[in-house]
Amino acid sequence: MKKISILGSTGSIGTQTLDVIAHAPERYEVVGLSAGANVDMLVEQANRFKPQIVSLASKSDAETVKPRLPAGTKVAYGEEGLIEAAAGTDADLVVTAIVGSRGLPATLAAIRAGKAIGLANKETLVTAGHIVMELAKKYNVSILPIDSEHSAIFQCLNGESREAVKQITLTASGGSFRDRTREQLEGVTVAEALNHPNWSMGAKITIDSATMVNKGLEVIEARWLFDVTYEQLDVIIHPESIIHSYVEFADHSVIAQLGLPDMRVPIQYALSYPERSPTPTDRLKLAEIGKLHFREMDYNRFPCLRLAFECGRAGQSAPAVFNAANEVAVARFLKGEIAFLDIENILETVVGKHVAADVTDLQMIAEVDAWARRMAETV
Ligand SMILES: NC(=O)C1=CN([C@@H]2O[C@H](COP(=O)(O)OP(=O)(O)OC[C@H]3O[C@@H](n4cnc5c(N)ncnc54)[C@H](OP(=O)(O)O)[C@@H]3O)[C@@H](O)[C@H]2O)C=CC1
Ligand SMILES: CC(=O)[C@@H](O)[C@H](O)COP(=O)(O)O
Ligand SMILES: [Mn+2]
């Protein structure tokens with residue numbers, strides 16, 4: 001029985017993780033759950049899966065929720081609560097399904113506690129990939145990718161020597177506005193931006209997909225997960241999101257991972273690795289799909305991707321600044337404070353004002369993260 005703790009259990013990845021677990025109660029046990037504002041859903045989850053601990057964003061929620069939980073459930077809150085849910089149980093694996101760099105301290109705590117990480121939260125690796133991967137190595141902890149492209153790449157690399165890797169290509173759907181010119185992006189609404197053509201995801205990543213920031217975050221995430229150079233990473237537009245990424249090897253063989261766009265497959269793979277287990281998803285029928293399409297990435301149409309590569313190559317504090325500024329810009333767009341195209345303007349401005357510097361610990365990361373947030377709020 002594998003014991004699982006889920007940070008962000010009430011979100012898109014969190015609920016799909018619980019769906020995978022519910023289909024295999026003989027294989028998995030939930031020991032920790034955490035939520036932000038969706039207290040009612042967390043209560044429902046806690047009564048169904050009976051975790052040892054639940055964590056909420058606020059002290060007041062933690063206090064009011066206690067009588068609604070199974071007797072004996074430990075209740076925590078805030079960053080400390082996330083850390084407890086991540087590191088304070090006998091979990092074998094922690095799924096990081098919380099959104100944003102706020103997941104970093106709990107992820108580091110889980111690694112220090114020797115827990116394998118089912119990594120969905122790409123912002124943690126973008127913000128502090130060098131720290132996360134170094135700590136995982138020190139504690140001999142597996143970082144198992146849940147992000148669909150990285151799960152695909154992980155599967156393609158399985159059993160292959162890293163020296164044989166020539167090129168890793170991440171596929172990109174193009175997002176909600178893939179058929180629009182830049183001129184046609186003027187005045188687009190939040191609702192239009194949230195209308196992803198292939199995936200049903202949380203709000204932030206859906207906007208990130210539309211700006212192509214998501215693919216930029218994923219390039220940096222891949223750099224750290226697979227220890228490759230940015231020259232070995234590229235992106236291709238693939239509108240159907242059936243090929244989830246592919247790897248070209250020294251002999252020019254290319255290995256890809258395919259499947260219908262259903263996150264329960266990469267989630268299941270991370271939970272059951274190194275085994276493969278059945279998933280409650282539909283099967284891929286290529287004959288019914290007929291054709292798959294691909295086109296070169298257009299970095300002029302998607303300038304945020306070029307900026308992400310620049311920040312990745314600059315390294316040090318630059319990726320953390322890019323990520324934090326983006327979190328604020330997306331939140332401002334979702335609140336209706338700014339226009340869609342202002343997101344990239346904010347990123348260009350904040351990154352442009354930042355001089356990359358070494359960030360070797362959580363305190364330094366928190367400082368640059370906070371600086372970038374302050375700047376992004378005022379642009
Ligand atoms: N959704 C997807 O298909 C994919 C997602 N990912 C990555 O996985 C992560 C989660 O994404 P997704 O599931 O879409 O996000 P959602 O927005 O759907 O869920 C986010 C989760 O984080 C919780 N949360 C938000 N703010 C706080 C806070 N201040 N304190 C504690 N918990 C908080 C939310 O709680 P609540 O809802 O209760 O407020 C929710 O459980 C992201 O990093 C994303 O990039 C990667 C690949 C695919
Ligand atoms: C499902 C998943 O992994 C998301 O990151 C998805 O890939 C977003 O799709 P695009 O960024 O390709 O639009
Ligand atoms: Mn992805």
Side-chain angles (χ1 to χ4, degrees), residues 6-18 33-43 45 54-58 61-62 76-79 81-83 85-86 95-107 118-127 145-153 170-178 194 196-219 221-222 235-245 259-267 270 297 302 304-305 323 326-327 330-331 334:
I6 307 170
L7 306 183
S9 62
T10 48
S12 166
I13 291 290
T15 50
Q16 292 180 85
T17 301
L18 287 171
L33 295 172
S34 97
N38 199 334
V39 177
D40 290 342
M41 185 186 285
L42 185 83
V43 166
Q45 292 175 345
V54 300
S55 174
L56 292 126
S58 72
D61 282 343
Y77 65 90
E79 185 172 292
L82 278 175
I83 290 172
V95 171
T96 60
I98 191 171
V99 63
S101 63
R102 67 168 60 83
L104 180 58
T107 304
L119 190 121
N121 178 308
K122 60 195 81 178
E123 293 92 347
T124 45
L125 272 200
V126 170
T127 301
I146 288 180
D147 203 347
S148 66
E149 296 79 4
H150 306 76
S151 177
I153 295 162
L170 286 83
T171 53
S173 73
S176 310
F177 301 136
R178 63 189 179 186
L194 288 174
H196 196 285
N198 300 332
W199 299 93
S200 166
M201 308 182 288
K204 181 198 177 271
I205 187 174
T206 306
I207 304 304
D208 286 347
S209 163
T211 60
M212 205 53 75
V213 164
N214 182 51
K215 220 42 65 179
L217 298 175
E218 293 185 348
V219 163
E221 180 186 7
V235 178
I236 193 169
I237 297 270
H238 165 46
E240 293 86 0
S241 300
I242 294 292
I243 293 183
H244 298 304
S245 283
L260 292 176
D262 186 325
M263 277 307 290
R264 291 174 299 174
V265 173
I267 290 169
M297 174 53 68
F302 294 108
C304 291
L305 182 56
N323 176 73
N326 181 63
E327 288 190 32
V330 170
L334 287 169

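Indexing begins at 1, ligand by ligand and atom by atom, following the structure's order.
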Exercise for the section: List the steps and the verdict of side chain to side chain contact (heavy atoms under 4.5 Å, CB included) for L334 and L194. Expected result: CA-CA 9 Å; L334 287 169; L194 288 174; 4.1 Å; yes
Exercise for the section: Check each heavy atom of I205 against ligand 2 and say whether those closer than 4.0 Å belong to the side chain, the backbone, both or neither. Expected result: side chain
Problem - Residue pair N214 / K122, side-chain donor-acceptor N/O under 3.5 Å - result: yes
Completion exercise
Near K122 (heavy-atom distance under 4.0 Å), the atoms of ligand 2 are 5 (O)
Practice task
Could you tell me whether E123 and K204 have a side-chain N and a carboxylate O separated by less than 4.0 Å?
Solution key: yes
Completion exercise
For W199, the atoms of ligand 2 under 4.0 Å from one of its heavy atoms are 1 (C), 6 (C), 9 (O)
Problem - E221-H150 side chain donor-acceptor pair, cut-off 3.5 Å - result: yes
Problem - Minimum heavy-atom distance G103-I98, with the two atoms named - result: CA-CG2, 3.7 Å
Practice task
Name the closest protein heavy atom to atom 4 (C) of ligand 2, giving the residue it belongs to and the distance to 0.1 Å.
Solution key: M201 SD, 3.6 Å
Problem - Enumerated ligand 2 atoms positioned under 4.0 Å from heavy atoms of S148 - result: 1 (C), 2 (C), 3 (O), 7 (O)
Practice task
Pull up every protein N/O/S atom sitting under 2.8 Å from the Mn ion (ligand 3), skipping waters.
Solution key: D147 OD1, E149 OE1, E218 OE2
Handout entry: Subset of ligand 2 atoms that lie under 4.0 Å from at least one heavy atom of D147
Key = 2 (C), 3 (O), 5 (O)
Completion exercise
Test side-chain contact (heavy atoms from CB on, under 4.5 Å), reference I6, set T15, L18, I13, output is L18
Problem - Flag for H196-S209: side-chain donor and acceptor within less than 3.5 Å - result: yes
Problem - Heavy-atom side-chain contact between S148 and W199 under 4.5 Å - result: yes
Problem - Side-chain touch L260/I242, heavy atoms, less than 4.5 angstrom - result: yes
Handout entry: Basic-acidic side-chain contact under 4.0 Å: E327, R102
Key = no
Handout entry: Amino acids in close contact with ligand 1, where any non-hydrogen atom sits under 4.0 angstrom away
Key = G8, S9, T10, G11, S12, I13, A35, G36, A37, N38, A57, A97, I98, V99, R102, A120, N121, K122, E123, D147, M201, G202, I205, M263
Completion exercise
Taking only non-hydrogen atoms of S209 and a 4.0 Å limit, the atoms of ligand 2 in range are 10 (P), 11 (O), 13 (O)
Practice task
Verify the neighbour count for atom OH of Y77: are there more than 12 heavy atoms of other residues, nucleotides or ligands below 6.0 Å?
Solution key: no
Practice task
Grab the two heavy atoms, one from T96 and one from L119, that are nearest each other, plus how far apart they are.
Solution key: OG1-CA, 3.4 Å
Handout entry: Contact with ligand 2 for E218, non-hydrogen, under 4.0 angstrom
Key = yes
Exercise for the section: List the steps and the verdict of side chain to side chain contact (heavy atoms under 4.5 Å, CB included) for V54 and Q45. Expected result: CA-CA 10 Å; V54 300; Q45 292 175 345; over 6 Å; no
Practice task
If you have a sec, work out which protein heavy atom is nearest atom 11 (O) of ligand 2 and how many Å separate them, to one decimal?
Solution key: N214 ND2, 2.9 Å
Problem - Test item, H196 contacting ligand 2 (heavy atom, 4.0 angstrom) - result: yes
Problem - N198 and S241: side chain donor to acceptor below 3.5 Å - result: yes
Exercise for the section: Decide whether the shortest distance between a heavy atom of M212 and an atom of ligand 2 is less than 4.0 Å. Expected result: no
Fill in the blank from the handout: Of all heavy-atom pairs linking M212 and A172, the shortest is SD-CB, 3.9 Å
Problem - Side chain, backbone, both or neither: H244 near ligand 2, heavy atoms under 4.0 Å - result: neither
Completion exercise
In short, A62 meets L56 closest at the heavy-atom pair CA-CD1, 3.8 Å
Handout entry: Min side-chain heavy-atom separation N121-T107 under 4.5 Å
Key = no
Exercise for the section: Please work out whether any backbone atom (N, CA, C, O) or any side-chain heavy atom from C-beta onward of H150 is under 4.0 Å from ligand 2, and answer side chain, backbone, both or neither. Expected result: neither
Practice task
Between S173, S241, P239, flag the one that comes closest to atom 13 (O) of ligand 2 by a heavy atom.
Solution key: S173
Handout entry: Smallest separation among heavy atoms of A152 and S245, with atom names
Key = CB-N, 3.9 Å
Handout entry: Contact atoms of ligand 2, heavy-atom distance to K215 under 4.0 Å
Key = 7 (O), 10 (P), 11 (O), 12 (O)
Fill in the blank from the handout: shortest atom 7 (O) of ligand 2-to-protein heavy-atom contact is with E149 OE2, 2.3 Å
Completion exercise
Numbered in order shown, the ligand 2 atoms found under 4.0 Å of a heavy atom of A172 are 12 (O)
